[in-house]
**Q** 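One structure is given below, represented as structure tokens, and several questions about it will come after.
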Amino acid sequence: MPLTHTKELFTKALKGKYALGAFNVNNMELLQAIVEACEEEKAPVMLQISKGARQYANPVYLKKLVEAAISLSNIPIAVHLDHGDSFDLCKECIDEGFTSVMIDASHEPFDKNIEICRQVVDYAHKHNCVVEGEEGGNYSKEGHYTHPGEAVEFVQRSGVDSLAVAIGNSHGAYKFKGEQHLDLDRLAAIKKALSDGGLGDYPLVLHGASSVPKDLVEEINNYGGQLGGEPAGVSEADIEVARRIGCTKVNIDTDLRLAMTAAIRKAFAENPKEFDPRKYLGAGRMKVKELVRHKVRDVLCCAGHAFD
Ligand code: G3H
Ligand code: 13P
Ligand code: ZN
């Protein structure tokens with residue numbers, strides 16, 4: 001099955017009212033875990049690759065690994081640049097055949113963010129690639145949060161094809177303190193403003209969507225890890241509401257890292273004499289696969305939609 005275009009996945013997800021999992025890929029085991037779980041669950045999937053992943057694994061290795069996954073599976077797979085930080089990086093990925101790129105200029109003032117996104121959009125659209133932008137960094141009318149009216153202006157002027165929202169979400173394993181959670185009313189207001197602004201059922205993207213499961217944190221700590229403080233993620237209930245409101249792409253990386261780490265720590269602790277990397281990396285791969293299966297089946301509801 002060839003690579004599937006991100007636009008086609010978005011169109012189907014919006015119609016079917018499910019969310020696409022956008023899972024970060026850094027090495028072979030993560031890639032196999034994601035694709036095997038999605039294959040078994042018949043879920044379409046977005047593989048996302050960050051600048052750091054390209055530096056770690058080398059873009060050529062990643063490209064070949066993704067090609068292998070595509071050739072061995074039947075599900076629709078799109079490849080996306082996560083948090084592109086410059087036109088040049090986005091161009092590199094577009095030229096390599098990525099089906100979508102994110103240009104993250106949300107730390108720039110509003111007009112500058114639009115200008116940078118526009119430059120990427122102009123190049124991407126000439127090369128059959130779609131672009132994700134983000135509005136709501138330090139310069140938003142509402143501090144770190146996306147302002148619904150500004151979101152409409154941002155999309156209209158930049159021409160981006162999907163919008164990453166800032167609604168209290170953040171990356172990593174320490175997202176919230178106490179009872180904090182996502183501002184889902186704001187998410188609904190953004191979705192409505194985009195529709196009222198003539199942008200239709202516009203695809204929104206939720207970054208920082210890991211739930212930081214307690215059992216994984218406990219397993220890591222039980223086997224010698226030191227995840228102190230109060231690790232906390234987005235509840236699955238909040239993701240469910242975000243999906244219903246219209247988050248079409250849901251980004252998950254931290255939970256994969258936690259699952260891999262928990263399994264490897266356990267394998268090391270239980271078999272201190274073992275030094276075959278296939279044993280502990282294999283355990284990590286299995287754990288990530290089960291996590292991805294749970295996400296696509298029970299949280300994102302994209303399982304069973306691969307051949308819609
Ligand atoms: O948003 C960040 C993603 O989790 C990717 O992280 O830049 O460490 O690869 P990374
Ligand atoms: P998490 O850190 O919550 O997994 O978020 C990942 C992400 O947003 C990648 O872009
Ligand atoms: Zn992100």
Side-chain angles (χ1 to χ4, degrees), residues 6 19-31 33-34 45-59 61-62 65-66 78-86 89-90 93 98 100-107 113 131-137 144 146 160 162-177 180-182 187 203-214 216-217 220 227 229-236 238-239 242-243 247-262 287-288 291-292 294-296 299-300:
T6 301
L20 296 159
F23 299 104
N24 285 71
V25 172
N26 288 276
N27 65 15
M28 184 185 77
E29 284 76 11
L30 286 165
L31 176 64
I34 297 162
V45 68
M46 292 186 69
L47 301 173
Q48 53 181 14
I49 294 173
S50 69
K51 181 179 177 176
R54 286 166 68 80
Q55 284 164 349
Y56 171 75
N58 180 305
Y61 274 95
L62 286 175
L65 283 171
V66 170
V79 178
H80 174 82
L81 168 66
D82 190 27
H83 292 282
D85 62 355
S86 67
L89 175 58
C90 291
C93 293
F98 281 47
S100 48
V101 293
M102 176 190 193
I103 174 70
D104 184 356
S106 58
H107 50 282
N113 186 358
V131 180
E132 173 184 326
E134 176 162 345
E135 201 283 309
H144 287 290
T146 302
V160 294
S162 60
L163 178 71
V165 291
I167 54 168
N169 44 324
S170 64
H171 295 105
Y174 297 89
K175 299 183 194 299
F176 303 115
K177 284 201 174 73
Q180 272 177 302
H181 57 89
L182 296 182
L187 181 67
L204 298 177
V205 179
L206 184 65
H207 282 249
S210 281
S211 294
V212 189
K214 281 204 174 13
L216 292 182
V217 172
I220 289 172
L227 295 180
E230 283 180 46
V234 181
S235 72
E236 291 185 354
D238 271 9
I239 306 239
R243 176 181 69 75
C247 274
T248 308
K249 170 173 176 273
V250 171
N251 287 12
I252 298 172
D253 186 4
T254 296
D255 284 354
L256 275 58
R257 296 179 182 197
L258 292 170
M260 176 70 75
T261 304
K287 190 97 177 165
V288 174
L291 178 100
V292 172
H294 167 63
K295 298 283 182 189
V296 300
V299 185
L300 306 172

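Numbers for residues simply follow the sequence, beginning at 1. We count ligands from 1, going down the list as the structure has it; atoms in each ligand are counted the same way. Values in this document were obtained by computation on a predicted structure and should not be read as measured data.
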**Q** Determine, using heavy atoms of Lys175 and all atoms of ligand 2, whether some pair is separated by less than 4.0 Å.
**A** yes
**Q** Just to be sure I read this right, does ligand 2 sit under 4.0 Å from the backbone of Asp253, its side chain, both, or neither, counting only heavy atoms?
**A** both
**Q** Please state which part of Lys51 comes within less than 4.0 Å of ligand 1, counting heavy atoms only: side chain, backbone, both or neither.
**A** neither
**Q** Hey, does Met102 sit under 4.0 Å from ligand 1 if you only count heavy atoms?
**A** no
**Q** Check for a donor-acceptor pair, side chain of Ser50 on one end and backbone N or O of Asp82 on the other, with a separation under 3.5 Å.
**A** no
**Q** Closest non-hydrogen protein atom to atom 5 (C) of ligand 1, residue and atom name please, with distance?
**A** Asp253 OD2, 3.4 Å
**Q** Measuring only between side-chain heavy atoms, which start at C-beta, is Cys247 closer than 4.5 Å to Leu187?
**A** yes
**Q** Run the numbers for me: atoms of ligand 2, each under 4.0 Å from some heavy atom of Ser210, listed by number.
**A** 1 (P), 3 (O), 4 (O)
**Q** Out of all atoms in ligand 2, which are within 4.0 Å of some heavy atom of Ile252? Include the element for each.
**A** 4 (O)
**Q** For ligand 2, which atoms have a heavy atom of Asn24 less than 4.0 angstrom away?
**A** 9 (C)
**Q** NE2 (His83) to the Zn ion (ligand 3) to ND1 (His207): angle, nearest 10 degrees?
**A** 100°
**Q** Is there a side-chain contact (heavy atoms from CB on, under 4.5 Å) between Thr254 and Asn24 once you walk through the steps?
**A** CA-CA 9 Å; Thr254 296; Asn24 285 71; over 6 Å; no
**Q** What I'd like to find out is whether the side chain of His144 reaches to under 4.5 Å of the side chain of Ser170, using heavy atoms alone.
**A** no
**Q** Give the atoms of ligand 2, by number and element, whose distance to some non-hydrogen atom of Ala209 is under 4.0 Å.
**A** 3 (O), 5 (O)
**Q** If the contact criterion is a heavy-atom separation under 4.0 Å, does Gln48 count as touching ligand 2?
**A** yes
**Q** Checking contacts here: is it the side chain or the backbone of Ala173 that comes within 4.0 Å of ligand 2, counting heavy atoms only? Could be both or neither.
**A** neither
**Q** Given side chains that start at C-beta, do those of Asn251 and Asp253 come closer than 4.5 Å, heavy atoms only?
**A** no
**Q** Can you list the ligand 2 atoms lying under 4.0 Å from a non-hydrogen atom of His207?
**A** 8 (O), 10 (O)
**Q** At what distance is the nearest protein heavy atom to atom 9 (C) of ligand 2, and which residue and atom is it?
**A** Asp82 OD2, 3.2 Å
**Q** Considering all heavy atoms of both residues, which atom of Leu81 and which atom of Phe98 are nearest to each other, and what is their separation?
**A** N-CD2, 3.4 Å
**Q** Determine, step by step, whether Phe176 and Val234 satisfy the side-chain contact (heavy atoms from CB on, under 4.5 Å) criterion, reporting the C-alpha distance in whole Å, the side-chain angles of both residues, the deciding distance to 0.1 Å, and the verdict.
**A** CA-CA 8 Å; Phe176 303 115; Val234 181; 4.0 Å; yes
**Q** Pull out every atom of ligand 2 sitting under 4.0 Å from any heavy atom of Gly172, numbered as shown with elements.
**A** 2 (O)
**Q** Identify, for atom 8 (O) of ligand 2, the protein heavy atom at the shortest distance, and state residue, atom and that distance.
**A** Gly208 N, 2.8 Å
**Q** State the atom name: nearest N, O or S atom of His171 to the Zn ion (ligand 3).
**A** NE2
**Q** Would you mind listing which atoms of ligand 2 come within a distance below 4.0 Å of any non-hydrogen atom of His83?
**A** 10 (O)
**Q** Determine whether the side chain, the backbone, both or neither of Leu256 has a heavy atom under 4.0 Å from any heavy atom of ligand 2.
**A** neither
**Q** Starting from atom 2 (O) of ligand 2, locate the nearest protein heavy atom and write down its residue, its atom name and how far away it is, to 0.1 Å.
**A** Thr254 OG1, 2.6 Å
**Q** Without swapping roles, check the side chain of Ser210 against the backbone of Ile252 for a donor-acceptor pair under 3.5 Å.
**A** no
**Q** Which residue owns the protein heavy atom closest to atom 7 (O) of ligand 1, what's the atom, and how far is it?
**A** Ser50 OG, 3.7 Å
**Q** When you compare the side chain of Met46 with that of Thr6, does any pair of heavy atoms fall below 4.5 Å?
**A** yes
**Q** Out of His171, Gln48, His207, who gets a non-hydrogen atom closest to atom 2 (C) of ligand 1?
**A** His171
**Q** With a 4.5 Å cut-off on side-chain heavy atoms, are Val250 and Arg243 touching?
**A** no
**Q** Starting from atom 10 (P) of ligand 1, what is the nearest protein heavy atom, named by residue and atom, and what distance separates them?
**A** Arg257 NH2, 3.5 Å
**Q** Nearest protein heavy-atom contact for atom 7 (C) of ligand 2: which residue, which atom, what distance?
**A** His171 CD2, 3.3 Å
**Q** Carefully, step by step, assess Asp255 and Val212 under the rule side-chain contact (heavy atoms from CB on, under 4.5 Å).
**A** CA-CA 6 Å; Asp255 284 354; Val212 189; 4.3 Å; yes
**Q** Considering the heavy atoms of Asn24, write down every atom of ligand 1 situated less than 4.0 Å from one of them.
**A** 3 (C), 5 (C)
**Q** Quick check on side chain to side chain donor-acceptor pair (under 3.5 Å): which of His171, Glu134, Glu132 does His83 satisfy it with?
**A** His171
**Q** Val79 versus Val25: any side-chain heavy-atom pair under 4.5 Å?
**A** no
**Q** For the pair Leu47 and Ile34, evaluate side-chain contact (heavy atoms from CB on, under 4.5 Å) and give the outcome as yes or no after the intermediate values.
**A** CA-CA 8 Å; Leu47 301 173; Ile34 297 162; 3.8 Å; yes
**Q** With side chains defined as the heavy atoms from C-beta onward, is the minimum distance between His207 and Met102 less than 4.5 Å?
**A** yes
**Q** Side chain, backbone, both or neither: which part of Asn251 has a heavy atom under 4.0 Å from ligand 1?
**A** neither
